[in-house]
Protein chains: 2
Amino acid sequence: MTREHARWKEHALVELSSAGHRQGRARLAIIELLAAQSCAVTALDIEAELRGGEHRVGLATVYRTLELLAELKLVGRLDTGQGIARYEPLLPSGEHHHHLVCDRCGRVIPFDDADLEATMERLARRVRFEVAEHDVVLRGACGSCRSEARPGRKAH
Amino acid sequence: MTREHARWKEHALVELSSAGHRQGRARLAIIELLAAQSCAVTALDIEAELRGGEHRVGLATVYRTLELLAELKLVGRLDTGQGIARYEPLLPSGEHHHHLVCDRCGRVIPFDDADLEATMERLARRVRFEVAEHDVVLRGACGSCRSEARPGRKAH
DNA sequence: TTGTTTGCAAACCTTTTGCACGTTA
DNA sequence: TAACGTGCAAAAGGTTTGCAAACAA
């Protein structure tokens with residue numbers, strides 16, 4: 001867990017309680033797990049990961065917690081076009097990345113680009129729309145899949 | 001239907017048959033309906049629209065046709081983060097737009113930006129990834145929703 | 001103690017699949 | 001006529017909701 005992520009965990013717990021929410025066992029586990037991620041994960045990923053822990057966490061609780069954290073702007077929700085939502089911590093610094101999605105293996109790879117961010121800022125000022133956030137998804141073939149002949153579908 | 005869209009319909013029918021597919025009743029109706037759209041629609045939108053016509057078109061057929069058209073690069077699939085896929089014609093010129101999604105009313109508004117396209121091209125060359133396409137979604141409040149008084153959450 | 005949070009099961013909604021019938025080339 | 005396309009019904013995911021028990025404050 002990077003320094004930024006450790007900070008996110010503290011930030012999340014503070015925001016949660018100042019918004020009048022309690023710090024239940026499942027919420028804490030989910031926040032800790034999110035803090036350890038470097039990129040977006042699915043609700044199912046979280047549930048599976050937590051299943052190995054001491055207490056089982058219901059999938060419904062995972063979804064409810066993610067919804068709450070998204071409302072508080074503590075996590076971002078990302079649709080990579082696979083029909084499955086992915087979630088990741090929103091760092092308080094506003095620092096963020098975007099995603100490359102491999103059409104073949106389903107892998108989701110983060111990237112960032114200062115030029116892109118500058119362009120998005122100019123764009124946000126130009127449109128007749130109050131832009132709160134932006135998502136950029138590049139779709140194609142990742143390094144491994146590009147070099148392979150015809151790999152089967154892996155992730156789902 | 002704009003000139004561009006009329007051209008898309010012809011293009012789609014030609015591509016369809018040169019790929020060895022037949023021109024069934026449902027396919028034709030779906031292609032005509034898509035040609036008349038100026039922005040992305042959902043499968044349910046299409047089914048509902050077609051229900052008013054002479055023959056009912058099954059929802060399964062709508063999905064199968066959209067999948068086929070997407071394979072042939074005739075339509076693009078777009079995930080606006082609402083858990084519902086949207087589809088729109090891909091113009092043969094390669095000309096395309098991106099989307100503003102209103103968090104409040106759910107409206108999806110198209111926009112384009114040459115600067116953004118140039119940035120995306122540079123980006124595609126920079127990453128270790130074979131980029132086939134890109135999607136940009138701006139989320140926030142549209143003009144109408146922004147002007148409505150909406151007491152509640154304070155902006156972050 | 002009291003209202004919130006949680007896990008389970010069932011409901012929901014979008015999308016996919018199986019299959020028999022219709023249609024196209 | 002032989003495939004291919006279509007509609008219906010059912011299945012398959014992912015996500016949401018109802019509810020009683022467990023829990024935080």
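Below, each value reflects all heavy atoms present in this structure, side chains not excepted, and no hydrogens, waters or symmetry copies. Sequence lines set the chain letters: A, B, ... in the order given, protein chains first and strands last, and positions in each chain run from 1.
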[X] has a side chain; which of [options] sits nearest to it?
{"X": "B:Arg64", "options": "C:dG7, C:dG18, C:dT6", "value": "C:dG18"}
{"X": "B:Thr61", "options": "C:dT14, D:dG7, D:dT17", "value": "D:dG7"}
{"X": "A:Leu59", "options": "D:dT15, C:dT6, D:dC8", "value": "D:dT15"}
{"X": "B:Arg77", "options": "C:dG7, D:dT15, C:dT16", "value": "C:dT16"}
{"X": "B:Arg56", "options": "D:dG7, D:dG14, D:dC8", "value": "D:dC8"}

Sidechain-backbone polar pair: A:Arg139 side chain, A:Val101 backbone, donor-acceptor under 3.5 Å: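 No, because the side chain of A:Arg139 does not come within donor-acceptor range (under 3.5 Å) of the backbone of A:Val101.
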
Please answer whether the main-chain N or O of A:Val57 pairs with a side-chain N or O of A:Thr61 as donor and acceptor at a distance below 3.5 Å.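 Judged by distance alone, no pair lies under 3.5 Å.
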
Would you mind classifying the nucleic acid contact of B:Ala60 as base, sugar-phosphate or nothing, using non-hydrogen atoms under 4.0 angstrom?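 Since a base atom lies under 4.0 Å of B:Ala60, the category is base.
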
Send over the distance from [X] [atom1] to [N] [atom2], rounded to a whole Å.
{"X": "B:Leu68", "N": "C:dT16", "atom1": "CG", "atom2": "P", "value": "13 Å"}
{"X": "B:Tyr63", "N": "C:dT14", "atom1": "OH", "atom2": "C1'", "value": "5 Å"}
{"X": "B:Ile84", "N": "C:dC12", "atom1": "CD1", "atom2": "P", "value": "17 Å"}
{"X": "A:His55", "N": "C:dG7", "atom1": "NE2", "atom2": "P", "value": "9 Å"}
{"X": "B:Leu66", "N": "C:dT14", "atom1": "CG", "atom2": "P", "value": "15 Å"}
{"X": "A:Ile46", "N": "C:dT6", "atom1": "CD1", "atom2": "P", "value": "13 Å"}

Just wondering, are more than 12 heavy atoms of other shown residues or ligands nearer than 6.0 Å to CD in B:Glu49?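 Not more than 12 within 6.0 Å, no.
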
Distance-only donor-acceptor check, side chains A:Glu117 and A:His97, under 3.5 Å: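 Not at all, the side chains of A:Glu117 and A:His97 share no donor-acceptor pair under 3.5 Å.
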
Close aromatic pair by centroid cut-off 6.0 Å: B:His134 and B:His96: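 Judged by ring-centre distance (under 6.0 Å), B:His134 and B:His96 do meet the cut-off.
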
For B:Gly83 and A:Ala26, find the nucleotide of DNA chain C closest to each by heavy atoms; which residue's nucleotide sits nearer the 5' end?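 Nearest nucleotide further toward 5': that of A:Ala26.
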
Map B:Glu67 and A:Gly58 onto DNA chain C by nearest heavy atom, then report which one ends up closer to the 5' terminus.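 Mapping each residue to its closest nucleotide by heavy atoms, the 5'-most match is A:Gly58.
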
Salt bridge flag under 4.0 Å for residues A:Glu67 and A:Arg77: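 A salt bridge is absent here (no side-chain N lies under 4.0 Å from a carboxylate O).
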
Nearest heavy-atom neighbours spanning A:Thr119 and B:Leu116: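 Between these two residues, the closest heavy atoms are CG2-CA, 3.7 Å.
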
For every nucleotide of nucleotides 20-25 of chain C, 5' to 3': is a protein heavy atom under 4.0 Å from its base (B), only from its sugar-phosphate (S), or from neither (-)? ---SBS

